[in-house]
Visitor: 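Take this structure, written in structure tokens, and hold onto it; I'll ask about it next.
The basis for the numbers below is simple: all heavy atoms, side chains too, and nothing from hydrogens, waters or symmetry mates. Both counts, for ligands and for their atoms, begin at 1 and track the order of listing.
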Amino acid sequence: MSRGDMAKPLLGHGSTEGDPSITPASGRTIGVLGSGDFARSLAIRLVCSGFKVVVGSRNPKRKASLFPSAAEVTFQAEAVKKTDVIFVAVFREHYSTLCDLADVLAGKILVDVSNNTEINHHKESNAEYLASLFPACTVVKGFNVVSAWTLQSGARDGNKQVLICSNSQEAKRTVAEIAQVMGFTPVDMGCMSSACEIENIPLRLLPAWKIPIFLALGLFLCFFTYNLIRQVIHPFIREQKNKFYKIPIEVVNTTLPCVSYVMLSLVYLPGVLAACSQLYYGTKYRRFPDWLDQWLQHRKQIGLLSFFCAALHAVYSLCLPMRRSHRYLLIETAVKQAVEKKMNIWVEEEVWRMEIYISVGIIALGLLSLLAITSLPSIANSLNWREFSFIQSSLGFIALVVSTLHTLTYGWSRAFDENQYKFYLPPTYTLTLLVPCTVIIAKVIFSLPCIRHRLLRIRRGWEKGRYVKFVLPRATGEYSSGETSSNV
Ligand code: NAP
């Protein structure tokens, strides 16, 4: 962003017109203590959003050139005097050096933007610590989940949510209004006791991804070992053939689709188990076991990892003919055929199998891409419930069926070929079919009218116990409510 751009309001005052919940930005002066990366980005964003900004630094002369010309850079005490809302863009370790400002800060709102380097690093949150140092001030925790980079690039190009908490509703509202004018979405996280949780958020490493990643790695390891034994170890032990060159590409490429396919079926399996539980207990109000709850919550990540493995499988497959080993084997086969004077090596069945197998694989990858794209929050938010459920549930199930066809046309009749059982181990594709076929069969059973009807009623609130209770009055012709009759 050029210095000229910095002076221009990004949203303009017109953007808040007509919305009485937003205080006009013009006229309000915001203070920023500190002149580091965060302070600079914050000042730029505040200026762009139409605020007047005064920056408090220990060395204003040296730091002034780093800020937009519209922002005033002065000594800390001077800056604090000019405003009622001050962002403290200073590390926690240096809070105590601000104690000299206690008198001028009294009665003002301090916004604590600080983060820690470790989860639950200190006994009390940074915001609570700041509040203890300045009891005459009102402290609001906020903006720490937004990086300096996001502030500079604008909310259009980064996380839009700003989590805010404070013991003062008034102060929280003031900071929320500032965030809104800056183009962010303030999220009220309640009182100051939530500060610790807010401070831990930027330090969490993919919390929702841990289980799906371990699951994918576990499956990868199992299938990789299985394929390694069949494709490399078996020929080495039984025929003294060196096939170790297959490990980096061929073994990996036969493992990836197994992981992808099984992971895709694991997206739909918990739904099947949940439906079984609801049918068995005749209610939707009974809590699922914790492991099933967890599994249901991780379906999106499992599905995305399935797509990731499928995409890698596609790239690996495209690269197969590029390998030198492939060229050698091709020439070797051609030479053998020339020696044996074989002119026509065309096998019609093999040609058709391959054509169908690749075509179905491409369709499966296309459907998986659609599922992955629509699971992104920005796209998912633009879909209504029916569209989202159609894509994620119906198209997802079709993707599973198409992937099954891909697997079956890949395996073809190999399951019935004795030579394919290396060390008595069946071909890998037969193992991968187990879970997906179970899911598909279960889904087909659930779509039978009698079961579907019962499941639909349960999901609309009907309960087995209540059914019995309501049937009795019906026998005597007494209907106590409309719900009773509809349930019966
Ligand atoms: P920084 O670049 O190191 O800036 C810290 C500033 O604190 C210095 O420029 C300094 O400004 C001021 N300061 C005041 N008293 C100080 C003292 N006694 N010793 C040293 N510095 C003192 O750090 P930053 O990246 O801007 O981060 C500032 C705060 O924002 C931190 O609490 C951080 O956790 C939080 N935060 C940063 C980001 C980010 O992306 N950078 C994101 C979220 C939250 P003067 O020399 O002008 O006084």
Visitor: Quick one: which ligand 1 atoms are inside 4.0 Å of a heavy atom on V113?
Guide: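 Once the distances to V113 are compared, the set is 30 (O), 35 (C), 36 (N), 44 (C).
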Visitor: Looking only at distance, does F143 have an N or O less than 3.5 Å from an N or O of ligand 1?
Guide: no
Visitor: Is G36 in polar range of ligand 1, meaning some N or O pair under 3.5 Å apart?
Guide: yes
Visitor: Just by distance, do the side chain of K284 and the backbone of I458 share a donor-acceptor pair under 3.5 Å?
Guide: no
Visitor: Which option wins on minimum heavy-atom distance to atom 10 (C) of ligand 1: R62, Q152, R58, H94?
Guide: R58
Visitor: Rounded at 0.5 Å granularity, tell me how far CG in L151 sits from CG in L42.
Guide: 5.5 Å
Visitor: Answer yes or no: is there a side-chain heavy-atom contact under 4.5 Å between F224 and C258?
Guide: no
Visitor: Is F38 in polar range of ligand 1, meaning some N or O pair under 3.5 Å apart?
Guide: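 Between F38 and ligand 1, an N or O pair is found under 3.5 Å apart.
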Visitor: So, is N115 polar-close to ligand 1, with some N/O to N/O distance under 3.5 Å?
Guide: yes
Visitor: Might you work through the side chain to side chain donor-acceptor pair (under 3.5 Å) test for S132 and E124, ending with a clear yes or no?
Guide: CA-CA 10 Å; S132 71; E124 60 183 350; 4.5 Å; no
Visitor: Taking N167 for its side chain and M192 for its backbone only, find out whether a donor-acceptor pair lies under 3.5 Å.
Guide: yes
Visitor: Report yes if the side chains of W209 and L304 come closer than 4.5 Å at any heavy-atom pair, otherwise no.
Guide: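 Yes, close enough: below the 4.5 Å cut-off.
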Visitor: Nearest protein heavy-atom contact for atom 40 (O) of ligand 1: which residue, which atom, what distance?
Guide: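 Checked against all protein heavy atoms, atom 40 (O) of ligand 1 sits closest to A148 N, 2.9 Å.
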Visitor: Can you confirm, on distance only, whether ligand 1 has an N/O atom lying under 3.5 Å from any N/O atom belonging to W149?
Guide: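 No - when backbone and side-chain N and O of W149 are compared with those of ligand 1, no distance drops under 3.5 Å.
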Visitor: Taking distance alone, with no angle check, do S35 and ligand 1 share an N/O pair under 3.5 Å?
Guide: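 S35 vs ligand 1: N/O contact under 3.5 Å present.
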Visitor: Do the side-chain N and O atoms of S125 and E128 include a donor-acceptor pair separated by under 3.5 angstrom?
Guide: yes
Visitor: Between Y268 and S393, does any side-chain donor sit less than 3.5 Å from a side-chain acceptor?
Guide: no
Visitor: Taking 4.0 Å as the limit for heavy-atom contacts, which would you say applies to N144 with ligand 1: side chain only, backbone only, both, or neither?
Guide: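 Backbone only; the side chain of N144 stays clear of ligand 1.
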Visitor: Is the shortest side-chain N to carboxylate O distance from E250 to K243 below 4.0 Å?
Guide: no
Visitor: Among all protein heavy atoms, pick out the one at the shortest distance from atom 33 (C) of ligand 1; state its residue, atom name and that distance to 0.1 Å.
Guide: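 Protein heavy atom with the smallest distance to atom 33 (C) of ligand 1: F91 CE2, 3.7 Å.
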Visitor: For ligand 1, note which part of V146 has a heavy atom under 4.0 Å away: side chain, backbone, both or neither.
Guide: backbone
Visitor: Could you name the option among S41, S147, G34, A89 that has the heavy atom nearest to atom 5 (C) of ligand 1?
Guide: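 Closest candidate by heavy-atom distance is A89.
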Visitor: Identify, by atom number and element, the atoms of ligand 1 in contact range of S114, meaning under 4.0 Å from any of its heavy atoms.
Guide: 32 (O), 34 (O), 35 (C)
Visitor: Where does K63 meet ligand 1, judged by heavy-atom distances below 4.0 Å: at the side chain, the backbone, both, or neither?
Guide: side chain
Visitor: For atom 25 (O) of ligand 1, what's the nearest protein heavy-atom neighbour? Residue, atom name and distance, please.
Guide: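 For this ligand atom, the closest protein heavy atom is D37 CB, 3.9 Å.
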Visitor: Under a 3.5 Å distance rule, please check whether R92 uses its side chain to pair with a backbone N or O of S114 as donor and acceptor.
Guide: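 Side chain of R92 to backbone of S114, a donor-acceptor pair under 3.5 Å: no, none is there.
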